A.B. asks: 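Take this structure first; my questions come after.
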Amino acid sequence: MKSSLSLPAGYRLEFWARGPGSIRISEADAVLWQVPAFSGHVDFFGYQHREAGSVTVEWQRPEAILWAYGYDPADVAEAGITLWEFDDAGLTLSTKAEIGASMRSDPARPAMHFSPPRQWMNDPNGLCKIGETWHLFYQFHPASTEWGPMHWGHAVSTDLFNWTHLPVFLHPEQNLWRLGASGGAFSGSAFADRDGSRIFFYTERLPAYDLFQGYREVQKLARPGRDVLHATGSETVLTLRPDGVEHDFRDPKVWWDEAAGAYRMVLGAALYGDPAVLLYGSDNLSDWTYLGPLYRAPAHYRENGARAVECPDFFPLNGKWVMVMGFVGYTEPATGRHNLLFARVGEFKGDRFVPDADDLQVLDFGTDFYAMQSFEAEGRQIALAWLFNWESRKPAGSPYSGEMSLPRELSLDGSGRLCMHPVTELDSAWQAHPLAQEPDGSVLLRDAPFELRLDGNLDGTSIVATESGALCFELSVSGGRLAVRLAGDDGKIRYQARCGSATDLRIVYDRGIVEIFADYGAVCGTRRGYTNIAPDRVEVISAARFTVSERRAVQLP
Ligand code: FRU
C-alpha cells in the first residue's frame, strides 16, 4: 500500500510498531528513510523530514503500526498532533479538528471529560500551568488499550476543558517490550523552582518481570525542552530505599519548603508492610536524604490488603497542610469498597505532620476516583483524578481506555474537611441550559452531559436516571446517608457516605461518569459505569428545590 503527501521541513512522524511489516518513505525514486522489517516486539520509531516536499509513504501489514502521529514542531502547540492511521485502503491523516470530531462521534466516550484519542491512559502526571497554558501529562501506553510499558502522554489547554493532544513527552529508559518486561516512566509531578524553572520528578520502574513484587523503583528528574514538547536530560536522583522499604517506592511530589529553607519530597511506599508516605530533603534537587516516614498507616490497612501508598499528595491549603493518598490493594471491610483515596488535614512543622483528627477522610465514596494529583496555580489548588478501578473496564473494541475527572478546585470547610468542586471554568466551557420538567416531575434528557442541582431538605430524595426504562444510575438520601447505585452493581459493594444535614447536592453526568458533590463539596462520590450510559429520563423525588440542566460545549475543539 502507498500514499503520497507533502510534508513541511522539520515535520516529525512518531510511531510504535511490531512486525511483521515494513514502512518506507521516499522522494521521487530515492529512499529517504525506511524500516525494512519491523521486529517481533514493539519498537518506537521517529522520522524527521528535512526539506519541504512531496513524499511517498509505502507500508506492508498496516496492523503492525500500533499508534502513529505526525506534527510540525513549529505549530504543534496550537495545531496538535495529526493522527496517521494505516489500513489496507490507504493512509488517513486526522487533524486536531478531525480528531475532536471523531472522539465526539463515539457514543461511548464521555464528552466533557478528558480522554486520550487512542490507547491506554491512567494517572494524571506533571500537572501545571505555564504562562496561559494548562499542561496535562498522563500515564500512557502507546502500543495498546491495555496497561503496559509506561510513557507520559501530553495535552494542553487554555480553559481546562478543550484539550490539544501533543506528542508523547517522556519515554521509558529502555525498550521494555524487547526485554519482555513492564515498568517505565511511572507517575510524577511538576515542580517550579523559586526562579520559575520547571522540573518534572517521576519514578522509573526498572525492567520488571513480576507485577506485584521484586521490582526496583528509582526517582528521576527530567527538564522540559524550551517548547515543553519532550523531556530532556533525565537524571536519576534517588535509588537507595530506606530500611523496611522493599519494591514500592514511587510517585514523587516536590516543593520548596520555606520553613526548612530546603527542598522536600514525598514518596509513596510500604514500610515494613504498612502503607506509608516517606519524606525526603535536599539542598540542590539532585541529592536526597531520607528524613523519615511522614505517615504510616495502622495495621488495619495492611490486614485488609493494602500493599503500599500510591500517588501521595502533600500541599498547603488555607493555612493547613493536606495529605492525600491511595492505598493500593485495600478493601474496606464494612462496605467492600476498594481503590479509595484518603485525606488528612493538619500541621506540618519541623518535618513532622500532625493531623488535626484521628480518622482518615474518605475523599471520594465511589471507587472510580484514583491517583488524584493537585497543583497550585494562581492561588488555587486544582486537581484531576483517573476515573477507573481495575474491576471493570470499557467494553471490548474501544479505541482507548481511561478518562480524567472534571478538574476540581480544593478547599477546606469550617470542620477542616477537604472539599472539592468542579472548577468554575466548567460554566464558560460547557454552558448550562435548564431543562423543563414534565408534569410528573421527571425530566427528559437527550444524549448530552447534564447536571442536577438540589437545594433544601435532602432527606427522602430519590433520583433515578433511566435509558429506555432500564436503570442508568440511582441516588438516594435517607437518614443522613447518601447512596448511589449503577446498572452494573450486584449489591456486594456499598457505595455510600454520611451526608449529615447537608442541604445541597450537585450531580454531573457524562456518558457513564457520575460525579456527586454534596455538603458544599465535603462529600464527593465518583462512579464510572459502562451500561445504559445514555439516559433519556431522570426522575427526581425530593422536598428540596431542584434544577436539571443540559451542558452544551461553547467551543468545539
Ligand atoms: C497508580 C500507579 C502509580 C504508578 C502508576 C503506574 O495508578 O500504580 O503508583 O506510578 O500507576 O502506571
Side-chain angles (χ1 to χ4, degrees), residues 116 119-127 136-154 168-173 176 181-190 200-208 210-213 215-222 238 241 245-254 265-270 275-278 297 305-314 324-330 338-342 363-364 367-374 383-393 401-405 526 528:
Q119 312 301 49
W120 169 273
M121 174 184 84
N122 54 291
D123 315 356
N125 291 157
L127 302 176
L136 161 58
F137 301 87
Y138 52 87
Q139 290 283 280
F140 184 58
H141 181 216
S144 85
T145 54
E146 295 293 323
W147 189 83
M150 280 289 113
H151 296 59
W152 279 29
H154 187 195
V168 164
F169 179 75
L170 184 59
H171 293 248
E173 66 179 26
L176 297 165
S182 70
F186 271 27
S187 284
S189 50
F200 296 96
F201 284 88
Y202 67 102
T203 298
E204 182 92 33
R205 179 178 287 185
L206 303 177
D210 187 310
L211 276 182
F212 298 101
Q213 59 186 346
Y215 39 78
R216 285 283 167 269
E217 298 183 331
V218 300
Q219 316 315 321
K220 297 173 78 169
L221 62 75
L238 178 56
R241 294 155 289 135
V245 173
E246 300 256 332
H247 31 266
D248 295 305
F249 182 55
R250 61 177 174 274
D251 307 339
K253 176 124 190 209
V254 172
M265 173 196 284
V266 284
L267 286 175
V277 177
L278 310 180
R307 297 196 301 274
V309 164
E310 292 189 313
C311 303
D313 203 349
F314 192 58
V324 176
M325 56 205 162
F327 294 163
V328 61
Y330 174 67
H338 53 98
N339 217 47
L340 296 172
L341 289 191
F342 298 95
L363 189 57
D364 190 287
T367 54
D368 295 302
F369 185 85
Y370 196 67
M372 186 189 91
Q373 179 173 103
S374 77
L384 285 172
W386 171 45
L387 304 187
F388 193 81
N389 80 65
W390 290 94
E391 299 293 306
S392 51
R393 54 187 57 226
S401 175
E403 290 110 11
M404 293 298 174
S405 66
T526 307
R528 176 61 168 108

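This chain uses plain numbering: 1 for the first residue, then up along the sequence. This structure is a prediction, so every number in the text was calculated from the model and none was measured. Computation of the quantities below employed the complete heavy-atom set of this structure, encompassing side-chain atoms and omitting hydrogens, waters and symmetry-equivalent molecules. Ligands are counted one by one from 1 in listed order, and the atoms in each one are counted from 1 as well.
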A.B. asks: Describe, in one word, how the ring planes of F137 and H154 are oriented to each other, choosing from parallel (under 30°), tilted (30 to 60°) and perpendicular (over 60°).
C.D. replies: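 Taking H154 first and then F137, their aromatic rings lie parallel (interplane angle under 30°).
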A.B. asks: For atom 11 (O) of ligand 1, what's the nearest protein heavy atom and its distance?
C.D. replies: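 Result for atom 11 (O) of ligand 1: D123 OD2, 3.0 Å.
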A.B. asks: Would you please classify the geometry between the W386 ring and the F388 ring as parallel, tilted or perpendicular, with 30° and 60° separating the classes?
C.D. replies: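 Judged by the thresholds at 30° and 60°, the geometry between F388 and W386 is parallel.
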A.B. asks: Which is it for R250 and E310 under the salt bridge (charged side-chain N to carboxylate O under 4.0 Å, His left out) test, yes or no, and what are the steps along the way?
C.D. replies: CA-CA 7 Å; R250 61 177 174 274; E310 292 189 313; 2.6 Å; yes
A.B. asks: I need the atoms of ligand 1 closer than 4.0 Å to a non-hydrogen atom of Q139, numbered in the order shown.
C.D. replies: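 In order of number, 5 (C), 6 (C), 12 (O).
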A.B. asks: Please name the pair of heavy atoms, one in Q119 and one in H141, separated by the smallest distance, quoted to 0.1 Å.
C.D. replies: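 For Q119 and H141, the tightest heavy-atom pair comes out as CB-O, 3.3 Å.
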A.B. asks: Just to be sure I read this right, does ligand 1 sit under 4.0 Å from the backbone of R205, its side chain, both, or neither, counting only heavy atoms?
C.D. replies: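 Answer for R205: neither.
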A.B. asks: Please identify which atoms of ligand 1 are closer than 4.0 Å to at least one heavy atom of S187.
C.D. replies: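 That gives atoms 5 (C), 10 (O) of ligand 1.
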A.B. asks: Heavy-atom distance to atom 10 (O) of ligand 1: which of N125, D251, T203 wins?
C.D. replies: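 Comparing heavy atoms across N125, D251, T203, the nearest one to atom 10 (O) of ligand 1 lies in D251.
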A.B. asks: For S187, which of N122, N125, T203 qualifies under side chain to side chain donor-acceptor pair (under 3.5 Å)?
C.D. replies: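 The residue from N122, N125, T203 that satisfies side chain to side chain donor-acceptor pair (under 3.5 Å) with S187 turns out to be N125.
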A.B. asks: What part of V328 sits under 4.0 Å from ligand 1 if we count only heavy atoms: the side chain, the backbone, both or neither?
C.D. replies: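 No part of V328 is near ligand 1 at this cut-off.
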A.B. asks: Using a 4.0 Å cutoff against the non-hydrogen atoms of W147, which atoms of ligand 1 qualify?
C.D. replies: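 Taking each heavy atom of W147 in turn, ligand 1 has 12 (O) under 4.0 Å.
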A.B. asks: For A270 and R307, work out which heavy atoms get closest and say how close.
C.D. replies: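 That would be CB-O, 3.1 Å.
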A.B. asks: Can you name the closest pair of heavy atoms from Q373 and S189 and give their distance?
C.D. replies: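 Residues Q373 and S189, closest heavy atoms: NE2-CB, 3.6 Å.
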A.B. asks: With a cut-off of 4.0 Å, which atoms of ligand 1 are near a heavy atom of M150?
C.D. replies: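 Once the distances to M150 are compared, the set is 12 (O).
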A.B. asks: Which of the atoms of ligand 1 are close to W386, meaning less than 4.0 Å from one of its heavy atoms?
C.D. replies: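 Going through ligand 1 atom by atom, the ones under 4.0 Å from W386 are 7 (O).
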A.B. asks: Is the distance from the ring center of F140 to that of Y138 below 6.0 Å?
C.D. replies: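 Centroid distance F140-Y138: below 6.0 Å, so yes.
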A.B. asks: Is R250 close to ligand 1, meaning an N/O of one under 3.5 Å from an N/O of the other?
C.D. replies: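 Yes.
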A.B. asks: Starting from atom 8 (O) of ligand 1, what is the nearest protein heavy atom, named by residue and atom, and what distance separates them?
C.D. replies: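 Here the nearest protein heavy atom works out to E310 OE2, 2.7 Å.
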